[in-house]
Amino acid sequence: MAPLNAALKIGIERKAYPAAGRRGPVQVLKDIELSVSVGSFVAITGPSGCGKTTLLNIVAGLDRDFEGSVVFAASEPHLAYVFQTPRLLPWRTVSENVALALPPGDPRLARVQELLVRVGLGEAAGAHPERLSLGMRRRAALARAFILDPDFLLMDEPFVSLDEAAAQDLRALLRKLCSGRPVTVLFVTHNTMEAVALATRVVRLSAAPASIVTDVAVALPEELRTSPDAMAAEHRRIFGSNAWADAPQGAGRDGS
Amino acid sequence: MAQGDTVLDSDAGPLVRLGWTLVSIAALAAIWHLAATALQSRVLPGPIAVTSTFLYELKAGALGWHLGATLARVAASFVLAVVIGTAIGLTLGRVRWIDRFFDSWLILFLNLPVLVVIILCYVWFGLTEVAAITAVAINKIPNFAVTMREGTRSLSKDLAEMAEVYRFGRWRTLRHVILPQLAPFFMAAVRSGLALVWKIVLVVELLGRSNGVGYQLNVAFQIFDVSLILAYAIAFILVVQTIEVGILQPLEVRAGRWRR
């Protein structure tokens with residue numbers, strides 16, 4: 001796939017972690033070529049430990065030690081990252097955590113409370129993160145990402161270790177927050193059904209050193225994402241026949 | 001939020017705990033009184049005699065003068081130790097090769113007997129105030145450096161990455177991400193540090209100063225005035241406890257408010 005209006009071009013030739021102790025250098029990524037168009041929602045799946053997080057860290061600019069390039073179309077893209085753990089500052093309240101994502105004096109500071117209400121944390125704005133459930137902390141992490149009005153949203157298994165109902169609520173919330181915005185999402189998940197439920201494109205990586213195995217558009221119109229049958233069929237098309245049975249059920253849209 | 005009482009009984013109210021403290025101190029005083037009455041010895045004056053000595057010294061102004069001198073030395077050497085020790089600890093925690101190089105120096109200074117440092121300072125710099133304060137600070141700097149090094153090493157990489165992605169910048173990262181993580185280590189170092197500095201200052205005064213509680217204890221020792229020794233000891237305990245309860249504990253409670 002080579003979209004004309006690419007917002008982001010990833011061309012990683014090689015990424016290896018240096019030798020540590022007796023272990024030699026470990027190569028994690030190999031020949032990853034991805035061109036991501038504006039507003040697309042790319043799900044990245046692959047076996048655990050294959051280098052999905054490393055890929056996101058490279059795109060985020062946290063890891064600069066690799067061979068290749070990551071080029072954004074915009075000169076200064078607004079980038080937000082929702083990590084695998086919420087990574088909130090435990091000594092700051094929920095609303096302070098969200099506000100800190102903005103530069104001091106930013107006019108959007110006035111919208112923090114409104115956004116917290118939207119993500120269902122209106123009451124918890126003044127609470128410290130350790131007093132909240134994991135689901136609520138994940139909501140706070142989402143709010144921190146969306147207060148920036150990001151052009152790019154990187155998400156690293158943002159709904160992992162939640163029960164399925166809570167994960168489903170958060171997926172619906174994510175869809176709601178993304179709708180009506182030109183946000184481009186890179187979404188790492190090992191839950192293949194979550195990938196089908198959310199993404200417009202699914203990229204599968206091999207085991208380490210990871211390279212792209214398949215890169216498929218999800219041919220599922222919005223209205224069919226509520227239909228379990230249509231989703232199952234699409235999942236079968238992308239991931240093969242028996243994968244559906246292994247995946248946890250109910251990752252589809254909950255009709256909100 | 002009645003939490004934050006990291007002290008013992010979190011189930012008992014503050015009044016109950018105060019009651020226990022008073023009863024236990026009264027019991028100790030009673031035992032002391034009985035022992036002193038039974039022995040009738042010049043070297044074990046009872047609580048009443050010691051209290052009257054205490055009040056006499058207080059009225060005469062000697063107690064205030066010597067305590068003030070000691071407090072000033074504690075403050076000066078403590079601030080010195082905190083600033084230098086923290087700077088060294090942060091550097092060692094961040095820069096690998098400096099840490100490797102200076103680690104053995106640190107171990108050497110940690111194990112250097114307190115008395116050796118004091119004597120050497122007096123020998124090299126003379127019986128001066130500077131020598132006294134330097135000696136105390138040198139004794140405390142290694143402990144501070146080690147604790148702050150541990151704190152710096154345990155800084156969360158996850159939060160540092162978060163701050164980088166969300167463009168906190170240097171100052172906001174320091175204020176909102178790094179300092180709150182170092183605060184518990186700092187408080188631990190301050191508390192154990194103060195406990196140690198108090199004691200070292202007395203030795204320094206005993207060996208080479210002409211005022212302060214340590215000096216006064218030495219005078220009392222030479223004339224075998226046990227009552228005076230105990231009066232100063234009690235004054236000393238009162239001041240240390242006031243600082244502990246009045247300043248350090250509230251600070252710690254405030255710093256730990258966010259904890260579950």
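Each chain gets a letter, A, B and so on, in the order the sequences are listed, and its residues count up from 1. Just so it is clear, the values below take in all heavy atoms, side chains as well, and ignore hydrogens, waters and symmetry mates.
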Sequence neighbours excluded - side chain to side chain donor-acceptor pair (under 3.5 Å) pairs with any residue from residues 142-155 of chain B: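 Sorted result for residues 142-155 of chain B: B:Asp99-B:Arg149, B:Asp99-B:Arg153, B:Asp103-B:Arg149, B:Glu150-B:Arg153.
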Leading residue by heavy atom contact count with chain A [cutoff under 4.5 Å; candidates B:Arg167, B:Gln181, B:Arg172, B:Glu164]: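 Result: the option with the highest number of such pairs is B:Arg172.
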Chain B contacts, top residue of A:Leu79, A:Thr85, A:Leu89, A:Leu100 (heavy-atom pairs, under 4.5 Å):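 Winner by heavy-atom pair count: A:Leu100.
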Between A:Pro129, A:Ala60, A:Ala101, the one whose heavy-atom pairs under 4.5 Å with chain B are most numerous: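 Highest number of heavy-atom pairs under 4.5 Å: A:Ala101.
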Heavy-atom side-chain proximity of A:Thr184 to A:Asp151 below 4.5 angstrom: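 Result no, sub-4.5 Å side-chain heavy-atom pair not found.
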A:Glu114/A:Arg118 salt bridge by N-O under 4.0 Å criterion: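 Judged by the 4.0 Å cut-off on N to carboxylate O distance, A:Arg118 and A:Glu114 do not form a salt bridge.
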Cationic N near anionic O, under 4.0 Å, B:Glu129 to B:Arg209: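 Salt bridge between B:Glu129 and B:Arg209, a charged N being under 4.0 Å from a carboxylate O: yes.
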With a 4.5 angstrom heavy-atom cut-off, could you sort out which part of [X] is near chain B: side chain, backbone, both or neither?
X        : result
A:Ala127 : neither
A:Thr93  : neither
A:Arg87  : both
A:Leu154 : neither
A:Pro103 : backbone

Side-chain donor-acceptor contact under 3.5 Å, A:Tyr81 with A:Asn57: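 There is such a pair between these side chains.
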A:Trp91 (side chain) donor-acceptor with B:Val177 (main chain) under 3.5 angstrom: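 Here the side-chain-to-backbone pair does not exist.
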